[in-house]
Amino acid sequence: MNTFKSVAELRRRVSEWRSQGQRVGFVPTMGNLHAGHFALVELARQHSDKVVASIFVNPTQFGPNEDYARYPRTPDSDIAGLAAKGCDALLLPSVEEMYPFGTIGCVQMHVPGITDILDGAHRPGHFNGVAQVVARLFNMVQPDASVFGRKDYQQLQVIRYMATEMSFPIEIVPAPTLREPDGLAMSSRNQYLQGDERQTATFIYQTLCFMREQRGHGFPIDAIEAEAEQRLTMAGFSVDYAEIRRSDLMRAKSPEEPGLLALIAARLGRTRLIDNLEFDSA
Ligand code: AMP
């Protein structure tokens, strides 16, 4: 696997591949890679001949009081892991390469509507930063397909919207959520969990399953949401939201609607965790 710090060099490599008729898949990440990320690389491989990953901890998607400075950075083990998974190229851009005019004076990207709800409401500006960096990465790498985890369901929907709206000729491929054996969704932020918090964190997935079960019994959506929030609060979480939504993230009118999912964001100590569960998937 070749590691590129310069976009120009990566582009040369990608255009060589494309001129040979090879399809290029792309997996953007913020690093500190775990099995969930590596599964994305494997899925990208199924959709393409060559796989490019990127590692960039994007400053513009973190709020002023969020964890940008302490976000775990482990480039050496990430590079070894990607190479072992047969990734073909890694882009490791600097902040200067990504934002040549700085992060204040740079071109902004705003996806309306969907970025104002759920995580967007609790992390103002977060999805603008995500859309901004993903648009830049798409231009830098120019892939044919790009893989995004369903774990960050709202992010996936924002990217889909942006890619359609901006006519990026890129297939957006969703990847299933990888979980620990006890159900906790894998996340780089899980390592912030201290002591008993790791065990308590499994309650998020249990609550998502509870919400699915209650929906199966036909309980009203707002009653299920209220009960879920109360259970999480009793378990020690500070809840940002515990909601049932349609697949387009608009509010559901009835628990009978197909394609519903439950989404939770909650804080445990200093750690903010998010997860979701699609009710009708296997
Ligand atoms: P991150 O490095 O956390 O920004 O994530 C990079 C990509 O990996 C995003 O598309 C995430 O949705 C995806 N991802 C993170 N955790 C998981 C997981 N447990 N299962 C599947 N995909 C994941």
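Counting starts at 1 for both ligands and their atoms, in listed order. By convention here, the first residue in the shown sequence is residue 1. No experiment lies behind these values; they were computed from the predicted model shown.
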Item checked: Main-chain N/O of Phe26 paired to Ser146 side chain as donor or acceptor, under 3.5 Å -> yes

Check: Which part of Pro176 is near ligand 1, with near meaning a heavy atom under 4.0 Å away: side chain, backbone, both or neither?
Finding: backbone

Check: Under 4.0 Å from any heavy atom of Thr177, which atoms of ligand 1 are there?
Finding: 20 (N), 21 (C)

Next item on the list: Between Leu40 and ligand 1, find which residue part has any heavy-atom pair under 4.0 Å and reply side chain, backbone, both or neither.
Entry: side chain

Notebook entry, point to check: Are side-chain N/O atoms of Asp182 and Tyr205 paired as donor and acceptor at under 3.5 Å?
Noted result: no

Check: Does Phe203 have Arg231 sitting over its ring (NZ/CZ under 6.0 Å from centre, angle to axis within 45°)?
Finding: no

Notebook entry, point to check: How are the rings of Phe148 and Phe138 set relative to one another: parallel (under 30°), tilted (30 to 60°) or perpendicular (over 60°)?
Noted result: perpendicular

Next item on the list: List in chain and number order the residues that pass side-chain hydrogen bond (donor to acceptor under 3.5 Å, both in side chains) with Asn2, two or more places apart in sequence or in another chain; answer none if no residue qualifies.
Entry: Arg13

Check: So which heavy atom in the protein is nearest atom 10 (O) of ligand 1, and how far is it from that ligand atom?
Finding: Gly149 N, 2.9 Å

Next item on the list: Quick one: do Arg215 and Asp280 satisfy salt bridge (Lys or Arg N to Asp or Glu O under 4.0 Å)? Show the steps, please.
Entry: CA-CA 11 Å; Arg215 181 269 192 152; Asp280 301 325; 3.3 Å; yes

Item checked: For His34, the ligand 1 atoms whose distance to one of its heavy atoms is below 4.0 Å -> 16 (N), 17 (C)

Note to self: Tell me whether Ala39 reaches ligand 1 (any heavy atom closer than 4.0 angstrom to a ligand atom).
What the structure shows: no

Checklist line | Residue Asp152 vicinity, atoms of ligand 1 by number, heavy atom under 4.0 Å | finding: 11 (C), 12 (O)

Next item on the list: Specify side chain, backbone, both or neither for Arg150, according to which of its non-hydrogen atoms lie closer than 4.0 Å to ligand 1.
Entry: neither

Checklist line | Selected option - heavy-atom contact closest to atom 5 (O) of ligand 1, from His37, Met30, Lys151, Glu180 | finding: His37

Margin query: Just to check, does Arg179 reach to within less than 4.0 Å of ligand 1 when the distance is taken from its heavy atoms?
Written below: no

Notebook entry, point to check: Do the numbers put Arg136 on top of the ring of Phe56, so that NZ or CZ is under 6.0 Å from the six-membered ring centre and no more than 45° off the axis?
Noted result: no

Checklist line | Where ligand 1 meets Met186 - atom numbers and elements under 4.0 angstrom, heavy-atom basis | finding: 16 (N), 17 (C), 18 (C), 19 (N)

Notebook entry, point to check: Which ligand 1 atoms are under 4.0 Å away from a heavy-atom of Pro28?
Noted result: 6 (C), 7 (C)

Checklist line | Min N/O separation Leu178 to ligand 1 under 3.5 Å | finding: yes

Check: Side chains of Tyr99 and Asn58: is there a donor and an acceptor less than 3.5 Å apart?
Finding: yes

Check: Hey, does the side chain of Ser6 reach the backbone of Glu9 with a donor-acceptor pair shorter than 3.5 angstrom?
Finding: yes

